[in-house]
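Following: one structure in structure tokens, then a few remarks.
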Amino acid sequence: QVQLVESGGGSVQAGGSLRLSCAESEPIEGVPVCMAWFRQAPGTEREAVAAIYTKSGSSSYGDSVKGRFAISQDPAKNTVYLQMNSLKLEDTAIYFCAAHYRGSICRLWPSTDYDYWGQGTQVTVSS
């Protein structure tokens with residue numbers, strides 16, 4: 001049962017940009033407290049990319065994407081976006097959206113904070 005759906009992935013040359021979107025496929029539990037993006041490349045551990053505390057809009061980023069990626073939201077739609085600029089080869093991965101609807105804490109890590117996950121969207125950066 002898919003409840004978070006990502007879109008916007010694809011192939012891009014290094015230095016280019018992509019914008020990912022994540023929305024609920026159906027209402028889950030009201031308003032999410034925290035929405036985030038993670039990524040995983042083949043043979044690597046899942047990596048936290050960005051998170052946003054939906055109440056305030058405050059955000060946090062993984063060190064490898066700071067200054068290049070930006071997370072934003074549309075609270076009316078329970079939708080989160082990830083604007084990815086200056087893409088590098090090492091940004092190639094499957095990108096997953098995640099959310100949790102409980103408590104008042106929004107942390108980038110650990111991933112176990114997040115109860116709902118999308119199926120992922122592939123981002124491929126080529127030279």
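These values consider heavy atoms only, across backbone and side chains, with no hydrogens, waters or symmetry-generated copies.
With values rounded to the nearest 0.5 angstrom, Gln40 atom CD is found 7.0 Å from Glu45 atom CD.
Side-chain heavy-atom separations under 4.5 angstrom define the hydrophobic clusters, and Leu108 shares its cluster with no other residue. With side-chain heavy atoms closer than 4.5 Å counting as contact, directly or through intermediates, Ile105 stands alone and belongs to no larger hydrophobic cluster.
Leu82 and Trp37 make their closest contact through CB-NE1, 3.5 Å (heavy atoms, listed as atom of the first residue, atom of the second, distance). Annotation for Lys66 and Asp63: closest pair NZ-OD1, 3.1 Å, computed over non-hydrogen atoms.
Using a distance-only test at 3.5 Å, with no hydrogens or angles considered, a donor-acceptor pair links the side chain of Glu6 to the main chain of Gln119. A donor-acceptor contact shorter than 3.5 Å is absent between the side chain of Ser58 and the backbone of Ser56.
Between Tyr114 and Phe38, the ring-plane angle classifies as perpendicular under the 30° and 60° cut-offs. Below 30°, between 30° and 60°, or above 60°: for Phe96 and Trp117 the angle between ring planes is above 60°, a perpendicular geometry.
Residues forming a side-chain contact (heavy atoms from CB on, under 4.5 Å) with Gln73 (at least two apart in sequence, or on another chain): Ile52, Thr54, Pro75. With sequence neighbours excluded, the residues forming a side-chain contact (heavy atoms from CB on, under 4.5 Å) with Ser17 are Gln83, Asn85, listed by chain and number. Evaluation of the side-chain contact (heavy atoms from CB on, under 4.5 Å) rule for Gln122 yields Thr92, Ile94, Thr124 as partners, not counting sequence neighbours.
The disulfide (SG to SG under 2.5 Å) analysis of residues 55-127, with sequence neighbours excluded, yields the pairs Cys22-Cys97, Cys34-Cys106.
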